[in-house]
Amino acid sequence: MRHVPLATLFIVIINVQITFTQLNIRKIQTNDNTRRQQQRNQRKSESFDQYSHLTDTGEVNDQLKYYTHSFEQKVREAVRDEEYMLKNLWYDPDYVIHDLCEPHKSGGQTGELIWSESGDRLLKVIGNGVVEDGYNMFMAPGQSQGKRTDVHVAVYIESMSSFKAQSMDFEVDMYLAMGWFDRRLAHNCTHPILVTSKLIAERMWYPDLYFVNSKYAYLQEVTTPNLMVIVYPDGLIFKTMRLDVTLSCMMDLKLFPLDYQECPLTIQSFAYIEQIVNLTWRDDPPNFPIGFNPDIKLNDMQITNKRFIKCAGPYPMFRGEGFWSCIQGYIVMKRLVLFHIIQTYIPTGMLVSISWMSFWLDPRASPARISLTITSLLTLTTMSNGARQDLPQVSYIKALDIWLTFSQALIFLVLLEYSFVSYYMTKRTTNCSHRNLFYEERVQECKREEKARKSLVNNNKTANSNSTEGSDLNRNKKSQQFSLTHGISSCLSESSALMAPVPARLFPKFDAKKPCGACSEKNERIAVKIDEYSRWLFPTVFTVFCVSYWLYFTWRSSASEG
């Protein structure tokens with residue numbers, strides 16, 4: 001046996017002692033840690049002793065049941081129509097309360113959102129969307145039990161763009177909020193679970209809503225997808241998202257620009273029939289079902305009212321038909337007419353008034369009067385085209401069309417009035433009534449003088465008849481023989497007095513090309529009278545039209561609003 005040096009043995013003994021010392025220290029530390037952990041557990045157990053029994057046993061604890069009952073009572077008081085309440089799914093003992101939170105984070109549920117748990121806690125329940133004998137994202141919450149799921153919908157409009165009459169649409173930036181009960185996601189956490197990730201939200205069942213009258217819609221994703229899902233302990237799901245939607249609005253422009261428009265907002269489930277998913281508005285005024293940002297300012301419209309209804313309609317299919325639940329909200333707006341008064345009504349009224357200035361111009365100033373009227377008419381036509389360029393080509397008459405058409409017709413009548421004035425001013429009458437009357441009097445006097453002269457000739461012939469009796473006897477014998485030359489000469493000799501020309505002294509010498517001065521003066525007086533009557537007739541007609549126009553269409557606009 002080999003002798004071990006004393007120094008080496010001493011070193012070994014020291015190492016063994018150090019090892020035992022370290023082991024004792026570790027044991028003491030372990031005991032201390034164990035004791036402290038036991039103390040902490042004991043304090044936790046004492047602090048949360050009332051919640052320590054909440055485990056995933058498949059039963060609903062009394063505290064959560066009380067919270068669900070109190071929440072149900074509040075909603076029953078707020079909801080007016082109980083037909084569309086979620087009363088079938090408010091509390092269902094067939095569903096379990098999932099143990100998703102630690103004991104110190106469970107129990108004491110509240111309806112206020114003062115804190116939230118992370119959304120990844122739901123992965124224990126939903127998995128990838130389909131869990132064997134568990135959660136199924138492809139089925140509505142009550143579909144497996146033959147119950148419908150009532151979905152409450154609300155809309156908060158953040159901003160709206162100007163309404164375009166040409167394309168009959170408007171753009172809305174809004175928050176779409178939905179609420180429904182999915183007892184499959186009921187949990188024991190004190191605070192609701194907040195889901196902001198699309199990865200998790202897409203693994204949950206949610207209503208497949210869409211806007212029936214939308215032309216274009218998209219979810220805002222700056223800087224992240226504007227999506228939020230809150231899962232309350234009793235299974236209430238609240239989902240909201242921010243959307244930009246371009247909605248069509250079939251406007252009735254018969255009263256434009258004094259019109260009221262009702263633009264619909266129609267929401268419907270795309271695939272689920274009414275027996276599975278039933279939509280209803282969240283009736284909680286003034287914010288719901290349709291709320292507005294108080295800072296909304298539209299260019300030419302003003303929101304005056306809102307109303308909402310519930311609807312359902314059949315849709316034909318290849319085999320039979322189905323009923324889909326839908327809801328409609330109407331935004332009632334009044335068009336601001338001040339813009340059109342300044343841009344259209346006042347300028348057209350000024351043009352019509354300017355055209356009346358031609359009534360005070362000299363009727364002989366044809367260039368000035370025609371230029372003034374034609375310029376006013378062309379300017380009004382250009383202005384009318386500009387006012388109509390933003391309006392659709394509808395087949396009915398608008399209130400603005402009546403105003404513009406009447407104004408154009410009034411200026412056209414001004415031009416037509418001057419046509420009559422110019423006609424009478426330039427009329428040259430050569431065969432007027434004054435000359436005809438004078439001529440007839442002279443003819444009658446001439447006939448009387450000729451008749452007196454003819455009587456005098458006949459008397460002279462009677463006095464000389466005796467002396468010429470023998471010669472007449474011979475003449476009568478000769479007259480029995482027919483002679484054409486003798487007959488013509490006899491006719492000429494007897495009628496020579498009648499064929500004598502009328503003495504020139506009986507008639508004045510008239511120039512056929514020279515007009516009658518009296519008739520020309522009469523025509524000028526007629527032209528002046530037309531202008532005088534037009535000076536008060538045209539303004540009176542236009543004033544009566546303006547008063548009637550505004551009274552009638554204001555009344556029609558008020559009636560359509562009511």
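Cation-pi geometry between R535 and F359 is not satisfied (NZ or CZ under 6.0 Å from the ring centre, within 45° of the ring normal).
Ring centroid separation for the pair F553 and W403 does not come in under the 6.0 Å cut-off. In this structure, the ring of Y549 has its center no less than 6.0 angstrom from the ring center of F406.
Heavy-atom neighbours of F412 CZ from other residues, nucleotides or ligands within 6.0 Å: at or below the threshold of 12. Within 6.0 Å of CD1 on I397 lie no more than 12 heavy atoms contributed by other residues, nucleotides or ligands. Around atom CD of E132, no more than 12 heavy atoms belonging to other residues, nucleotides or ligands sit under 6.0 Å away. Few gaps surround CH2 on W550; more than 12 heavy atoms of other groups in view lie less than 6.0 Å from it. Residue M350 places its CE atom among 12 or fewer non-hydrogen atoms of other residues, nucleotides or ligands, all under 6.0 Å distant. With a 6.0 Å radius and a threshold of 12 heavy atoms from other residues, nucleotides or ligands, F138 has its CZ atom at or below the threshold.
In terms of modelled atom types and a separation under 3.5 Å, the side chain of Q261 and the main chain of D252 share a donor-acceptor contact. Here the side chain of T190 pairs a donor or acceptor atom with the backbone of K105 at under 3.5 angstrom. Between the side chain of S548 and the backbone N or O of F545, no donor-acceptor pair lies under 3.5 Å. Panel note: side chain D182, backbone P141; no donor-acceptor pair is recorded below 3.5 Å. Remark: side-chain polar atoms of Y396 are paired, donor with acceptor, to backbone N or O of L253 under 3.5 angstrom. For the pair R388 (side chain) and L400 (backbone), a donor-acceptor distance under 3.5 Å is absent. Between the side chain of S161 and the backbone N or O of E171 there is at least one donor-acceptor pair closer than 3.5 Å. Between the side chain of T240 and the backbone N or O of M228 there is no donor-acceptor pair closer than 3.5 Å. Of the possible polar contacts, none joining the T554 side chain to the L551 backbone as a donor-acceptor pair under 3.5 Å is found. The backbone N or O of V332 lies less than 3.5 Å from a partner atom in the side chain of T304, making a donor-acceptor pair.
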*Go through the steps to decide whether Y272 and Q143 satisfy the test side chain to side chain contact (heavy atoms under 4.5 Å, CB included), and finish with yes or no.*
CA-CA 11 Å; Y272 293 102; Q143 188 173 358; 4.3 Å; yes

*Are R184 and V125 close enough, and set up right, to give a side chain to side chain contact (heavy atoms under 4.5 Å, CB included), and what steps lead you there?*
CA-CA 8 Å; R184 299 174 298 180; V125 179; 5.9 Å; no

*Check step by step if side chain to side chain contact (heavy atoms under 4.5 Å, CB included) holds for W324 and I273.*
CA-CA 5 Å; W324 271 260; I273 59 176; 3.9 Å; yes

*Output, in order, the C-alpha distance, side-chain angles, deciding distance and verdict of side chain to side chain contact (heavy atoms under 4.5 Å, CB included) for V155 and W281.*
CA-CA 9 Å; V155 172; W281 287 110; 4.1 Å; yes

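A salt bridge (charged side-chain N to carboxylate O under 4.0 Å, His left out) with E262 is found for exactly one of K334, K306, R307, namely R307.
Between Y175 and Y156, the angle of the ring planes lies from 30° to 60°, which puts this pair in the tilted group.
The minimum heavy-atom distance between V414 and S358, with the atom names listed, is CG1-OG, 3.6 Å. The minimum heavy-atom distance linking K398 with P392 is given by the pair NZ-O, 4.5 Å. Shortest non-hydrogen contact noted between F170 and P264 is CZ-O, 4.3 Å. Here the closest heavy-atom approach between residue F323 and residue Q275 is recorded as O-OE1, 4.3 Å. Between I157 and M174 the shortest heavy-atom distance is CA-CB, 4.0 Å. In terms of heavy atoms, I193 sits closest to G119 at CG2-CA, 3.7 Å.
Side-chain contact check for I354 versus T375: every heavy-atom pair is 4.5 Å or farther apart. Between F308 and I327, the closest side-chain pair of non-hydrogen atoms is not below 4.5 Å. Looking at heavy atoms from C-beta onward, F270 lies out of side-chain contact with V277 at the 4.5 angstrom threshold. With a 4.5 Å cut-off on side-chain heavy atoms, W180 and K239 count as touching. When side chains are defined from C-beta on, F339 does not count as touching N299, because their heavy atoms never get closer than 4.5 Å. No side-chain heavy atom of L113 sits less than 4.5 Å from a side-chain heavy atom of F238. Residues L243 and F211 meet the side-chain proximity criterion, which asks for heavy atoms closer than 4.5 Å. Taking 4.5 Å as the limit, some side-chain heavy atom of H340 sits within range of a side-chain heavy atom of F256.
We find that R121 and E102 are joined by a salt bridge, their nearest charged nitrogen and carboxylate oxygen being less than 4.0 Å apart. Salt-bridge check for K254 with D259: failed, with every basic side-chain N at 4.0 Å or more from each acidic carboxylate O. Salt-bridge formation is not detected for the pair K297/D295: no Lys NZ or Arg NE/NH1/NH2 atom is positioned less than 4.0 Å from an Asp or Glu carboxylate oxygen.
Distance check: D234 CG to H187 NE2 gives 8.0 Å after rounding to the nearest 0.5 Å. In this structure, the separation between CG on N293 and CE on M160 is 11.5 Å, given to the nearest 0.5 Å. Rounding to the nearest 0.5 angstrom, the gap separating the CD1 atom in I126 from the CE atom in M204 is 6.0 Å. To the nearest 0.5 angstrom, I331 atom CD1 is 8.0 Å from L247 atom CG. For the atom pair CG of L279 and NZ of K310, the computed distance is 6.0 Å after rounding to the nearest 0.5 Å. A distance of 10.0 Å separates CD of Q408 from OG1 of T348, quoted to the nearest 0.5 Å.
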